[in-house]
Amino acid sequence: MDKKELAKLEGYLRRTFNNHAISVRARMKKTDSAEVYLGEEFIGIIHVDDEDGDRSFNFTMAILDVDLED
């Protein structure tokens, strides 16, 4: 992913979740995915899917059971 694509993804996530603290950052030595942060907290990965001639993106966010405790 290039900087232009990262910016488009970041804008999409910010609009979708109505949160300007979301940032999408390039990964070191990886071109098929990017990291997603809420402020300085890492929250997930976006992977590129180029199969079948259509480009799409998959956002994966892991939620730990300890994060669900009050």
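This is a predicted model, so every value here is computed, not measured.
In this model, a donor atom of one side chain and an acceptor atom of the other lie less than 3.5 Å apart for Tyr37 and Glu35.
Here the straight-line distance linking atom CZ of Phe17 with atom CD1 of Ile43 works out to 7.5 Å at 0.5 Å rounding. Rounding to the nearest 0.5 angstrom, the gap separating the CZ atom in Phe57 from the CE atom in Met1 is 6.5 Å. Note that CG of Leu64 is 10.5 Å distant from CD of Glu69, once rounded to the nearest 0.5 Å. Between atom CD of residue Glu40 and atom OG of residue Ser23 there is a gap of 7.0 Å, rounded to the nearest 0.5 Å. Remark: Ser56 OG to Glu51 CD distance equals 9.0 Å, nearest 0.5 Å. Put simply, CG on Leu68 and CD1 on Ile63 are 6.5 Å apart, with the number rounded to the nearest 0.5 Å.
When all heavy atoms are compared, the tightest approach of Ile22 to Leu13 is CD1-O, 3.8 Å.
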Before you tell me yes or no, could you show the steps for Asp50 and Asp32 under side-chain contact (heavy atoms from CB on, under 4.5 Å), namely the whole-Å CA-CA distance, both residues' side-chain angles and the distance that decides it to 0.1 Å? CA-CA 9 Å; Asp50 277 329; Asp32 63 343; over 6 Å; no
Start with the C-alpha distance between Ile46 and Asn58, add both sets of side-chain angles, then the distance that settles side-chain contact (heavy atoms from CB on, under 4.5 Å), and finish with yes or no. CA-CA 5 Å; Ile46 295 177; Asn58 299 305; over 6 Å; no
Check step by step if side-chain contact (heavy atoms from CB on, under 4.5 Å) holds for Ile45 and Arg27. CA-CA 10 Å; Ile45 298 283; Arg27 295 178 73 191; 3.9 Å; yes
Under the criterion side-chain contact (heavy atoms from CB on, under 4.5 Å), I'd like the reasoning laid out for Arg55 against Val48: C-alpha separation, chi angles, the key distance, then a yes or no. CA-CA 7 Å; Arg55 192 166 178 89; Val48 175; 3.4 Å; yes
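One finds no salt bridge joining Glu10 and Lys4 here, because no Lys/Arg side-chain nitrogen approaches an Asp/Glu carboxylate oxygen to under 4.0 Å.
Heavy atoms of other residues, nucleotides or ligands lying less than 6.0 angstrom from CG of Asp2 number more than 12. Within 6.0 Å of CZ in Phe42 there are more than 12 heavy atoms belonging to other residues, nucleotides or ligands.
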